[in-house]
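Please read the structure below before turning to the comments.
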Amino acid sequence: MSQSADLLNLVREDEALVTLLAETFEFDVRLTDYADAPRFSSGKHLEVIAGDFTGGRYYLYGESVARPVWYASSEGEAGMIGADLTETLCLVVGLPYWRDCLKYSDNGDLLSMQMAASFLQRDMLEDSPETVPAQARAAGALGLAIEPVPTLVGRLLASVRSVDPSDVFLDETGEYDVLFGPFPPSRNLRWR
């Protein structure tokens, strides 16, 4: 059994952890249905492992022991977000606003992503201070360390950039765009 399969089983067998990951970190292993026949243009294996409340889905990619994790949004964007499930859960728990870091990435600029992360971290601490102890509980249950935000942002950027251009995520509606958003952090009026 692979490392990803072991970790996924650990999550699925702990109902409190399933609920915590779903409600606080938008990683719900109960949401494994999907529509529109998602696939890769390369024909490589794709396995849905979780979803979020917006309709996005997390997928294990390929058939190797350490399988990369891809995220596909309901808005037609997809990309690799972690080298394996462990790295992805470190991201999801340590950087719960990772999607907004990409949205305000100014097309994949590290400084923009770091600036967005600092605003998002501030907002999280002000608006949802209960997230911090939830991060500690989730990390402890998963056996993960909570890494510094700049490390997670840099790793996220590297993962999204590392996608082979021939690995195109698509479904019946067509090809998906990359996860990088076009907006700079200054586009968010709350952050001025």
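None of these values were measured; they are calculated from a predicted model.
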Check your understanding: Can you check whether Asp84 reaches Val69 side chain to side chain, under 4.5 Å on heavy atoms?
Key -> no

Review point. With a 4.5 Å limit on heavy-atom distance, are the side chains of Val29 and Ile49 in contact?
Key: no

Practice item. Establish, from distance only, whether the side-chain atoms of Tyr97 and Asp123 form a donor-acceptor pair under 3.5 Å. Key: no

Check your understanding: When rounded to the nearest 0.5 angstrom, what distance separates OH in Tyr71 from CH2 in Trp98?
Key -> 5.5 Å

Review point. Leu8 versus Leu85: any side-chain heavy-atom pair under 4.5 Å?
Key: yes

Check your understanding: If we only count heavy atoms from C-beta on, is the Phe180 to Asp106 side-chain gap below 4.5 Å?
Key -> no

Check your understanding: Heavy atoms, side chains only, cut-off 4.5 Å: are Ser162 and Met80 in contact?
Key -> yes

Review point. Which other residues end up in the same hydrophobic cluster as Val168, if Ile, Leu, Val, Met, Phe, Trp and Tyr are linked when side-chain heavy atoms come under 4.5 Å apart?
Key: Leu170

Point to revise | side chain to side chain contact (heavy atoms under 4.5 Å, CB included) involving Ser118 - partner list, sequence neighbours excluded | key: none

Check your understanding: What distance separates Ser73 OG from Leu179 CG, expressed to the nearest 0.5 Å?
Key -> 7.0 Å

Point to revise | Heavy-atom side-chain proximity of Arg187 to Tyr104 below 4.5 angstrom | key: yes

Practice item. Taking the side chain as every heavy atom from C-beta outward, state whether Phe27 and Asp52 have any atom pair closer than 4.5 Å. Key: no

Review point. Which residues satisfy the side chain to side chain contact (heavy atoms under 4.5 Å, CB included) test with Pro182, sequence neighbours excluded?
Key: Asn107

